Amino acid sequence: MFTFDDKSGRSLTRRPEGTASICPSYVEHGMHKRAQPVKVWYWGPFFRHEAPQAGRFRQFSQVGAEVLGTDEPSADAELILLLDELLAGCSEVRLRLSSLGDAETRGAYRTELRDWLRAREGELSEPVRARLDLNPLRAFDSDDPGTQAVMAEAPKLLDRLTDEDAAHFAEVRALLDSAGLEYEVDPGLVRGLDYYTRTVFEFESGVLGAQAALGGGGRYDGLVELLGGPPTPGVGWAAGIERILLAGYSGESGGGPRVFVAVASPVRRREAFDVVRRLRGTVHVEAADLDHTNRSMKGQLKQADRLGAHYTVILGETTEFKDMRTGDQREMAVADVLKKFGDG
Ligand code: AMP
């Protein structure tokens, strides 16, 4: 917690994360009375009093999304796919996934794990040993080789899930599989906060070093009630903006080509404007643009190059479609250009 005394001696604490404040506001603003589920998102500064290092700051920015009021696995899968889409512009992204079951299963498992670890205490690192009673699950996070060797053999929470929780997890996985999303089931994935139930997940980037997490989250079916509301299931994630930028975010979340529209006959200028507008609305184009400064044909092609256009559509006496990488150019009707990129 980022806690400090202000000038008049009041103790202030800055918010470390968003989920715990969304839950009471869901009740306070009567969102529990709306048709469920309710989907919300947020963005803003957050604060943690951790030792700063590369990728870890005391003030950072998070974007987050939450779905409250349903425990359907489809909500979990939808949110994971949303975050995957957001992170598509980052380098070397991988996803780890697990399920923590319900509070009861986890309580029993915690005791089992603690007793199991006690028996091999001598092989564990000092910080892990010190926290054995408080939170033995955090031992899975340790980067101490001795501890890691022990944890590889430790009993797994995933093997202790109730039938209902196991079926929930299987359904989340089936939905992600059918969407073609790759992930690793990691029984050692333990999110830092105690309020998670069932699904937990974390996206990481291989280019980030020690602070590799780009974003993550999970299900928190007991949290709204814990904070004074009616029993309400929920699931959500938060992602770090600075980390996303450090992971080489290219902004190419769609990944489609860029298209430039050049005007060779001034009478087709208005049409060019319209074609750009329609290209921007197509599924398979990442960006479309045209010249706004009356450049010559040569100048327009240069500008297309500068903007990194993959294709240029030339509107003159005919309509030409030029592949900027190969230089190939052929006649193509505007309607066919639009169709090529998913419109019409
Ligand atoms: P968490 O709630 O800890 O899972 O945080 C969600 C995301 O926020 C992480 O995956 C990071 O990308 C980012 N984040 C968390 N703590 C920090 C920090 N101290 N500095 C920068 N980014 C952070």
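The structure displayed is predicted, hence computed values, not measured ones.
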Residues passing the salt bridge (charged side-chain N to carboxylate O under 4.0 Å, His left out) test with R120, sequence neighbours excluded, are E123, E153
Can you list everything that forms a salt bridge (charged side-chain N to carboxylate O under 4.0 Å, His left out) with R277? Sequence neighbours excluded, please.
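R277 satisfies salt bridge (charged side-chain N to carboxylate O under 4.0 Å, His left out) with D274 once adjacent residues are dropped.
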Would T318 and E320 count as a side chain to side chain contact (heavy atoms under 4.5 Å, CB included) if you check the C-alpha gap in whole Å, the side-chain angles of each, and the deciding distance to 0.1 Å?
CA-CA 6 Å; T318 58; E320 303 281 325; 2.9 Å; yes
Atom pair [atom1] ([X]) and [atom2] ([Y]), whose distance is rounded to the nearest 0.5 Å:
X    : Y    : atom1 : atom2 : value
Q211 : L246 : CD    : CG    : 11.0 Å
R110 : L134 : CZ    : CG    : 8.5 Å
T312 : D289 : OG1   : CG    : 11.0 Å

Side-chain (R280) to main-chain (A288) donor-acceptor, under 3.5 angstrom
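Confirmed, R280 side chain pairs with A288 backbone.
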[Y] side chain reached by [X] side chain, heavy atoms, under 4.5 Å:
X    : Y    : result
F46  : P16  : no
E204 : V93  : no
R295 : L301 : no
H168 : V172 : yes
V67  : V38  : no
H32  : Y26  : yes

Validate the cation-pi geometry between K156 and F140: distance from NZ or CZ to the six-membered ring centre under 6.0 Å, angle to the ring axis within 45°.
no
For Y109, is the NZ or CZ atom of R160 found under 6.0 angstrom from the centre of its six-membered ring and inside 45 degrees of the ring axis?
no
Yes or no on side chain to side chain contact (heavy atoms under 4.5 Å, CB included) for F4 and L12, after CA distance, side-chain angles and deciding distance?
CA-CA 5 Å; F4 60 97; L12 301 181; 4.1 Å; yes
Common cluster, [X]/[Y], ILVMFWY with side-chain heavy-atom separation under 4.5 Å:
X    : Y    : answer
L226 : Y220 : yes
V337 : F260 : no
L181 : L175 : no
L176 : V185 : yes

Can you check salt bridge (charged side-chain N to carboxylate O under 4.0 Å, His left out) on E202 and R94, steps first, answer last?
CA-CA 8 Å; E202 199 145 87; R94 51 177 187 259; over 6 Å; no
Can a salt bridge be assigned to the pair [X] and [Y] using a cut-off of 4.0 Å between side-chain N and carboxylate O?
X    : Y    : value
D323 : R330 : no
R131 : E126 : no
R129 : E121 : no
R118 : D115 : no
E17  : R48  : no
E50  : R58  : no
E184 : R96  : no

Begin from the C-alpha positions of N294 and R269 and carry the test side-chain hydrogen bond (donor to acceptor under 3.5 Å, both in side chains) through to its verdict.
CA-CA 10 Å; N294 279 310; R269 185 164 296 283; 3.2 Å; yes
One pair to check against side chain to side chain contact (heavy atoms under 4.5 Å, CB included): V224 and V27. What are the steps and the verdict?
CA-CA 8 Å; V224 175; V27 180; 3.9 Å; yes
Check the pair T19 / E66 against side-chain hydrogen bond (donor to acceptor under 3.5 Å, both in side chains), numbers first and verdict last.
CA-CA 8 Å; T19 309; E66 320 272 350; 3.0 Å; yes
Heavy-atom neighbours of [X] [atom1] exceed 12 at 6.0 Å:
X    : atom1 : result
R325 : CZ    : yes
D163 : CG    : no
W43  : CH2   : no
R15  : CZ    : yes
E104 : CD    : no

Could you check whether the rings of H49 and F2 sit parallel, tilted or perpendicular, using 30° and 60° as the cut-offs?
perpendicular
Where does the angle between the aromatic ring planes of F321 and Y311 fall among parallel (under 30°), tilted (30 to 60°) and perpendicular (over 60°)?
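Parallel: the ring planes of F321 and Y311 meet at under 30°.
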From CA spacing to verdict: salt bridge (charged side-chain N to carboxylate O under 4.0 Å, His left out), R198, D76
CA-CA 10 Å; R198 292 185 159 175; D76 308 43; over 6 Å; no
Flag for T319-E331: side-chain donor and acceptor within less than 3.5 Å
no
Can you see which heavy atom on R219 is nearest to which on A75, and at what distance?
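The answer is NH2-CB, 4.1 Å.
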How far apart are the C-alpha atoms of L161 and L100, what are their side-chain angles, what is the distance that settles it, and do they pass the side chain to side chain contact (heavy atoms under 4.5 Å, CB included) test?
CA-CA 8 Å; L161 300 187; L100 299 177; over 6 Å; no
For the pair S265 and E317, evaluate side-chain hydrogen bond (donor to acceptor under 3.5 Å, both in side chains) and give the outcome as yes or no after the intermediate values.
CA-CA 7 Å; S265 306; E317 276 173 32; 5.6 Å; no
Could you please spell out the steps behind the side-chain hydrogen bond (donor to acceptor under 3.5 Å, both in side chains) verdict for T293 and D291?
CA-CA 6 Å; T293 55; D291 171 46; 2.9 Å; yes
